[in-house]
Amino acid sequence: MSHKFTVSILLLAGLGSLTMPLSAMANFDGNLTVEVDGLKNKQGQICASIYNSSQGFPSNSDRILQRECTEITDEPVKLTFNNLKAGNYAVAVMHDENKDFTVNLNDLGMPLEGFGFSQNPEITTRAPKFGEAAFLVVGANTTIKIHLKYL
């Protein structure tokens, strides 16, 4: 066996061991923990919705991948999404003070309850786009922090 052939076999074996974890990671289901702070009170509940595409983000409930709500007992409030495939996601959070599962709006269309998004983008005159709030889930456990805003 020639020296070049042996080296080639060893290189291929080494590359195979490097790519195995990457391909296994693509099929890996991970968990996402969302930590929410900045609450103005402890009334009601915190609801978080996770999206895996720009279609429907952040307000179309038909496009939500998963939704979790929890009572407010301590701050930060923690919500967990399980069994997420590796990929890009964005999260929209609301402080549902009256527990009606809706972001209540005033006559001008402005939210009356607290809200926030992953990546904590600056909010001006519109909700953020998916790309402004997107983050990557690639491991067993990912944690993000969202700071609520009140208008």
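Hydrogens, waters and symmetry mates play no part in the numbers below; they use all other heavy atoms, side chains included.
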Quick one: does any side-chain atom of [X] pair with a main-chain N or O of [Y] as donor and acceptor, under 3.5 Å?
{"X": "Glu68", "Y": "Leu79", "answer": "no"}
{"X": "Asn52", "Y": "Asn88", "answer": "no"}
{"X": "Asn120", "Y": "His147", "answer": "yes"}
{"X": "Ser53", "Y": "Gln55", "answer": "yes"}
{"X": "Tyr89", "Y": "Leu136", "answer": "no"}
{"X": "Ser118", "Y": "Ala133", "answer": "yes"}

Could you go through the salt bridge (Lys or Arg N to Asp or Glu O under 4.0 Å) check for Lys149 and Glu113 one step at a time? CA-CA 9 Å; Lys149 297 173 183 5; Glu113 298 171 303; over 6 Å; no

Same apolar cluster (I L V M F W Y, side chains within < 4.5 Å links), [X]/[Y]:
{"X": "Leu108", "Y": "Phe115", "answer": "yes"}
{"X": "Phe117", "Y": "Leu148", "answer": "no"}
{"X": "Val77", "Y": "Ile144", "answer": "yes"}
{"X": "Phe81", "Y": "Val137", "answer": "yes"}
{"X": "Leu84", "Y": "Val34", "answer": "yes"}

Could you tell me the separation between the [atom1] atom of [X] and the [atom2] atom of [Y], rounded to the nearest 0.5 Å?
{"X": "Gln119", "Y": "Phe135", "atom1": "CD", "atom2": "CZ", "answer": "7.5 Å"}
{"X": "Ile46", "Y": "Glu97", "atom1": "CD1", "atom2": "CD", "answer": "8.5 Å"}
{"X": "Arg63", "Y": "Phe130", "atom1": "CZ", "atom2": "CZ", "answer": "12.5 Å"}
{"X": "Leu112", "Y": "Met110", "atom1": "CG", "atom2": "CE", "answer": "10.0 Å"}
{"X": "Asn106", "Y": "Leu151", "atom1": "CG", "atom2": "CG", "answer": "8.5 Å"}

Thr33 vs Asn141, side chain to side chain contact (heavy atoms under 4.5 Å, CB included): CA-CA, chis, key distance, verdict: CA-CA 8 Å; Thr33 299; Asn141 295 299; 5.9 Å; no

In plain terms, say whether Lys145 and Asp37 are close enough for a salt bridge, that is, a side-chain N and a carboxylate O under 4.0 Å apart. no

Salt bridge check, Glu132 against Arg126: does any charged N sit closer than 4.0 Å to a carboxylate O? yes

Over all heavy atoms of both residues, which pair between Pro58 and Pro128 is shortest? Give the atoms and the distance, please. CD-O, 4.2 Å

Across all chains, not counting sequence neighbours, the side-chain hydrogen bond (donor to acceptor under 3.5 Å, both in side chains) partners of Gln45 are Asp96

Could you pull out all residues at least two apart from Glu75 that satisfy side-chain hydrogen bond (donor to acceptor under 3.5 Å, both in side chains)?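 If we apply the side-chain hydrogen bond (donor to acceptor under 3.5 Å, both in side chains) test to Glu75, skipping adjacent residues, there are no hits.
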
Starting from Leu105 and following side-chain heavy-atom contacts under 4.5 Å between hydrophobic residues (I, L, V, M, F, W, Y), which residues can be reached? Met94, Val103

If the plane angle is over 60° it's perpendicular, under 30° parallel, otherwise tilted; pick one for Phe57 and Tyr51. perpendicular

Result of checking Lys42, Lys99, Lys78 against Glu71 for salt bridge (charged side-chain N to carboxylate O under 4.0 Å, His left out): Lys99

So do the side chains of Asn31 and Thr142 get within less than 4.5 Å of each other, counting heavy atoms only?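 No; the side chains remain at least 4.5 Å from each other.
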
Please evaluate residues Ile72 and Leu39 with respect to the criterion side chain to side chain contact (heavy atoms under 4.5 Å, CB included), reporting the C-alpha separation (whole Å), side-chain torsions for both, the decisive distance (0.1 Å), and the verdict. CA-CA 9 Å; Ile72 301 168; Leu39 285 83; 3.4 Å; yes

When Gln66 is tested against each of Asn82, Leu32, Ile50 for side-chain contact (heavy atoms from CB on, under 4.5 Å), which residue passes?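 Among the candidates, only Ile50 passes.
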
